[in-house]
2 protein chains.
Amino acid sequence: MRTLKYAILGLLNRRPMTGYDIGKEFNYELSEFWYAKHSQIYPELKRLAKEEFVTYDIEISGDILEKKQYSITEKGQKELLMWLHKDEIIEKTPKDVFRLRMYFSNNLDLESRIHLLESQKMQHKKRLYALQKILEQYPVVPDYNSDRFGDFIILEGAIIRQESLLKWLDKCIDYCKKAQEEK
Amino acid sequence: MRTLKYAILGLLNRRPMTGYDIGKEFNYELSEFWYAKHSQIYPELKRLAKEEFVTYDIEISGDILEKKQYSITEKGQKELLMWLHKDEIIEKTPKDVFRLRMYFSNNLDLESRIHLLESQKMQHKKRLYALQKILEQYPVVPDYNSDRFGDFIILEGAIIRQESLLKWLDKCIDYCKKAQEEK
DNA sequence: TGTAGCATGTAAGCAGTTACATGATTAC
DNA sequence: GTAATCATGTAACTGCTTACATGCTACA
């Protein structure tokens, strides 16, 4: 599928960047649904350049340090647009280690289950607060033609997802506590 | 992390199974958060047997066909319990190609965006109905010590996740339609 | 002058998918 | 007889992670 290819093309379509910059992007909002390490980014950029979807200029920073500033080509833009238009069937539901653990949780005593659930809840709550903090920076829905529109709707999606996760964890905690009382 | 290892141990802890049976389990409820192809299952079973976490008996089905009925060993059960008790930090948020597409959706006209969003909505609605149908088979919360408890809470989690996804898609569709009106 | 961050790359290995390969059993 | 399903495996490849490897720049 080469999704990383399109993630990079999408970013370069916003503005020219170095591989290092792309790596940083994968640590901000984008990290809510895509990411890659530099060891994957650099080879992919090399490949994209070879395929002529991107080009680069070497810039000198300071006295010696060479930076490769990558930009998307016309061919790359066409490729990106083609991918964006694709109407594909929904993906398989993502793998989730914690849910797997809970699937087999009947092997744990109720105290352990509650402990694990509460620990997850605390961590996910923190993440939710962080996301809500970012959302505060958007007083209104950004213009539908700006980059900010994508940033905004994805952020809202992440918040909704996080809230529903907390809702589920609460429900599980509730079941366990009720079982404890009945015992 | 070898998560497949624990997924298999958890299943064999419920009842002895063949590799083929395990493959089928990965197509039912379990598929909401874990799965594997037979080409990954068979080598893993072989490895688990070598590590003495599982054993197998060869059964003859019909005249010739050999079936390997795998069971978990005591060592395997200990290993599984150790893993179940682990309280780990939350995982990175899962990758999501559709969200990536929407992140870059400012490059699409509003009609295309709405079309893509509606297509996702329809598909996810179908999946939600299917999940709700399964939930109907649980008139009450199953006993907390039975396998069914795990099945049940994971099913509820899948439904909540699915509902929240639809909520987000609706929100996005709404933004696009409003932008269309303003145009 | 030291350290955090900028900057770029390669190599080994694990996890997972697709394709290759084979054959038996059951039920119609 | 034939098709669907049961049943087990291997090989090649893609995607991704961890570790190895190097060196510069800005700032305190």
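Predicted, not measured: the structure shown is a model, and the values here were computed from it. Order of the sequence lines fixes the chain letters, A, B, ..., with proteins taken first and strands second; residue numbering starts at 1 for each chain. Values reported hereafter were calculated over all heavy atoms of this structure, with side chains retained and with hydrogens, waters and symmetry mates removed.
Note that CD1 of I159(B) is 12.0 Å distant from CD1 of I154(B), once rounded to the nearest 0.5 Å. Taking CD from E79(B) and CG from L48(B), the interatomic distance works out to 9.0 Å, rounded to the nearest 0.5 Å.
You'll find that the side chain of R2(B) is closest to dA15(C), out of dA15(C), dC6(D), dT8(C). If you check dC16(D), dA24(C), dA7(C) against the side chain of Y20(A), the one that comes closest is dA7(C).
OP1 or OP2 of dT10(D) sits under 4.0 Å from a side-chain N or O of K46(B). OP1 or OP2 of dT25(C) has not a single side-chain nitrogen or oxygen of K67(B) nearer than 4.0 Å. In terms of phosphate contacts, K95(A) brings a side-chain nitrogen or oxygen within less than 4.0 Å of OP1 or OP2 of dG16(C).
The pair K171(A)-E156(B) meets the salt-bridge criterion, with a side-chain N (NZ, NE, NH1 or NH2) lying under 4.0 Å from an Asp/Glu carboxylate O.
Distance Y70(B) OH to dG9(D) P: 6 Å, rounded to the nearest Å. Residue I64(A) contributes atom CD1, which lies 9 Å from atom C1' of dG23(D) at whole-angstrom precision. Rounded to whole angstrom, the span from the CZ atom of F26(A) across to the C1' atom of dT17(D) amounts to 15 Å. Summarising the geometry, the separation between CD1 on I8(A) and P on dT8(C) is reported as 12 Å, rounded to the nearest angstrom. Between the CD atom of E59(A) and the P atom of dT8(C) there is a distance of 10 Å, given to the nearest Å. Between the CE atom of M17(B) and the P atom of dT8(D) there is a distance of 13 Å, rounded to whole Å. At whole-Å resolution of the value, CG in D21(A) and C1' in dG5(C) are 13 Å apart. Straight-line distance from the NZ atom of K5(B) to the P atom of dA15(C): 11 Å, rounded to whole Å.
Aromatic pair Y6(A)/F104(B): ring centres not closer than 6.0 Å.
The end-to-end axis angle of the helix from dT1(C)-dA28(D) to dC28(C)-dG1(D), rounded to 10 degrees and based on five pairs per end, is 30°.
Here the shortest heavy-atom pairing between L30(A) and L11(A) reads CD2-CD1, 3.7 Å. Minimum heavy-atom separation, I41(B) to G19(B): CG2-O, 4.0 Å.
The cationic group of R113(A) lies under 6.0 Å from the six-membered ring centre of F149(B) and within 45° of the ring axis, placing it in a cation-pi geometry.
None of Q123(B), R101(B), Q120(B) except one satisfies the side chain to side chain donor-acceptor pair (under 3.5 Å) rule with E88(A); the exception is R101(B). Exactly one of Y20(B), Y42(B), Y56(B), F53(B) qualifies for a ring-ring contact (aromatic ring centres under 6.0 Å, His included) with Y70(B). That residue is Y56(B).
Non-hydrogen atoms lying under 4.0 Å from DNA chain C are contributed by H38(A), S39(A), Y42(A), all within residues 31-44 of chain A.
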